[in-house]
S.K.: 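The following block contains the structure, expressed as structure tokens.
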Amino acid sequence: MRPEILILGGTTEGYALAAALADHPRFTPVSSLAGRTSSPRLPAGESRIGGFGGPEGLAAWLRQRGTAAVVDCTHPFASRMGWNAATACAGLGLPLLRVERPAWRPGPEDAWDEVDEWDQAVERLAALGARRVLLALGRQDLAPFAALDRVWFLIRSVEPPEPMPPFAQAEILLARGPFSAEDERALLAGRQIDALVCKNSGGSATDAKLAVARELGVRVVMRRRPPRPATPTVATVAEALDWLARTLAD
Ligand SMILES: NC(=O)c1ccc[n+]([C@@H]2O[C@H](COP(=O)([O-])OP(=O)(O)OC[C@H]3O[C@@H](n4cnc5c(N)ncnc54)[C@H](OP(=O)(O)O)[C@@H]3O)[C@@H](O)[C@H]2O)c1
């Protein structure tokens, strides 16, 4: 039987790795999604949806399946799953790899305000005197921004906030990336946005807003990535395939 690889997914990299392993001659993928969105796209090959029940639940699942290796492709801002995977794999002596796209870096012409917490982003917006702000940070972390009752917010998310925090002035824009520079220019200029708030997700699907912000003089408040365990890490799916071939050599 081909060794089974658990892919912790929900990201572009997770889908791409599942597709690459689905008809792989040596490995069989099983993808895991957290189940946050109501009708998620299913990865190629077998998949399962929902939490495992912490590191212990994940370890029990891995033992029961006889999994050969785990590849953590979760989003850079999924702050818990990587730690759970590190604990479970260390306990079982299982190989674990992290696939993480590189963070965006400011260029010489960028003036980003980088923060570690959303409360700091709220403080930065107040200090900047921002009046019309694009929140491009998903729908989970909106509540702290509702304190700014003199700011008009454009909230862009894939699904509606549930519940909607008590914003004084806000509009919701339901949209899923990728977003082109042309679309971002039309949005930022058309809505007279003076600051945008986002997280340093990295990747090319949602980076157009940064170039357009630079071009239009829109301030960027950027949340840095959360800390991660010291897991071997690669940036691409191709490197992950190489790692699997080397690590699970016959
Ligand atoms: N946070 C973001 O900005 C973001 C953006 C795009 C996609 N995503 C994807 O959405 C998922 C959830 O994000 P999050 O920020 O809530 O993660 P998180 O804080 O790291 O995880 C919270 C809990 O959700 C469960 N979980 C997370 N990822 C899972 C997976 N792939 N399969 C099964 N259970 C999973 C785990 O529950 P148990 O402890 O019960 O196992 C985990 O303890 C991740 O898979 C991530 O790749 C997140």
Side-chain angles (χ1 to χ4, degrees), residues 4-18 21 29-65 67 69-89 91-92 94 96-101 103-104 115-118 121 135-145 155-159 161-162 174-179 197-207 209 221-229 231 233 237 240:
E4 190 170 280
I5 313 299
L6 175 65
I7 302 170
L8 299 169
T11 54
T12 307
E13 292 80 1
Y15 286 105
L17 183 59
L21 290 181
V30 179
S31 294
S32 177
L33 304 175
R36 296 283 184 276
T37 50
S38 45
S39 48
R41 175 159 75 92
L42 291 181
E46 186 181 339
S47 55
R48 62 167 301 286
I49 298 182
F52 293 93
E56 304 79 16
L58 176 59
W61 189 94
L62 292 167
R63 205 180 304 111
Q64 193 247 323
R65 294 284 301 212
T67 304
V70 178
V71 183
D72 171 16
C73 294
T74 55
H75 191 271
F77 280 82
S79 57
R80 195 140 20 110
M81 198 63 221
W83 294 96
N84 292 359
T87 304
C89 289
L92 296 172
L94 273 187
L96 168 67
L97 180 72
R98 167 88 183 136
V99 179
E100 183 165 297
R101 61 188 95 142
W104 294 318
V115 297
D116 291 310
E117 301 291 340
W118 291 127
L135 294 182
L137 45 92
R139 60 179 178 147
Q140 314 268 7
D141 303 307
L142 300 168
F145 295 92
I155 297 167
R156 180 163 73 186
S157 64
V158 174
E159 295 196 30
E162 185 59 48
L174 296 183
R176 187 193 292 270
F179 302 107
V197 184
C198 63
K199 27 192 192 190
N200 198 330
S201 299
S204 58
T206 56
D207 67 348
K209 60 180 178 280
V221 179
M222 176 77 73
R223 181 160 170 176
R224 294 190 191 93
R225 294 177 172 189
R228 293 226 152 243
T231 303
T233 301
V237 167

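Note that the structure is predicted; figures quoted are calculated from it, not measured. Just so you know, ligand 1 is whichever comes first in the structure, and atom 1 is the first atom listed for that ligand.
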S.K.: Pairs of donor and acceptor atoms involving the side chains of residues 45-57, under 3.5 Å and at least two apart or interchain, shall be tabulated with distances.
M.R.:
| residue | atom | partner | partner atom | Å |
| --- | --- | --- | --- | --- |
| Glu46 | OE1 | Arg65 | NH2 | 3.2 |
| Glu46 | OE2 | Arg65 | NH1 | 3.1 |
| Glu46 | OE2 | Arg65 | NH2 | 3.1 |
| Arg48 | NH1 | Ser32 | OG | 2.7 |
| Arg48 | NH1 | Gly50 | O | 2.8 |
| Arg48 | NH2 | Gly50 | O | 3.0 |
| Arg48 | NH2 | Gly51 | O | 3.4 |

S.K.: Given side chains that start at C-beta, do those of Trp118 and Leu142 come closer than 4.5 Å, heavy atoms only?
M.R.: no
S.K.: Among residues at least two apart in sequence or on other chains, which ones pass salt bridge (Lys or Arg N to Asp or Glu O under 4.0 Å) with Arg156?
M.R.: Glu184
S.K.: Taking salt bridge (Lys or Arg N to Asp or Glu O under 4.0 Å) as the test, write out the residues that go with Arg139, two or more places apart.
M.R.: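 Arg139 satisfies salt bridge (Lys or Arg N to Asp or Glu O under 4.0 Å) with no other residue.
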S.K.: For ligand 1, output the ligand-protein N/O contacts shorter than 3.5 angstrom; if there are none, return none.
M.R.:
| residue | atom | partner | partner atom | Å |
| --- | --- | --- | --- | --- |
| ligand 1 | 1 (N) | Phe77 | O | 3.3 |
| ligand 1 | 3 (O) | His75 | ND1 | 3.4 |
| ligand 1 | 3 (O) | Lys199 | NZ | 2.6 |
| ligand 1 | 16 (O) | Arg36 | NE | 3.2 |
| ligand 1 | 16 (O) | Arg36 | NH2 | 2.9 |
| ligand 1 | 20 (O) | Ser79 | N | 3.3 |
| ligand 1 | 20 (O) | Arg80 | N | 2.8 |
| ligand 1 | 20 (O) | Met81 | N | 2.7 |
| ligand 1 | 24 (O) | Arg36 | NH2 | 2.8 |
| ligand 1 | 31 (N) | Ser32 | O | 3.0 |
| ligand 1 | 32 (N) | Ser32 | OG | 2.7 |
| ligand 1 | 39 (O) | Gly54 | N | 3.0 |
| ligand 1 | 39 (O) | Asn84 | ND2 | 3.3 |
| ligand 1 | 40 (O) | Phe52 | N | 3.3 |
| ligand 1 | 40 (O) | Gly53 | N | 2.9 |
| ligand 1 | 41 (O) | Phe52 | N | 2.7 |
| ligand 1 | 41 (O) | Gly53 | N | 3.3 |
| ligand 1 | 43 (O) | Arg80 | NH1 | 3.4 |
| ligand 1 | 43 (O) | Asn84 | ND2 | 3.2 |
| ligand 1 | 45 (O) | Gly9 | O | 2.9 |
| ligand 1 | 47 (O) | Gly9 | O | 3.0 |
| ligand 1 | 47 (O) | His75 | N | 2.9 |

S.K.: Quick check with a 6.0 Å cut-off and a 45 degree axis cone: is Arg223 positioned over the face of Phe77's six-membered ring?
M.R.: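 No; the conditions do not both hold, so Arg223 does not lie above the ring face of Phe77.
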S.K.: State plainly whether the residues Asp207 and Arg101 are in salt-bridge range, i.e. N to O under 4.0 Å.
M.R.: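 No.
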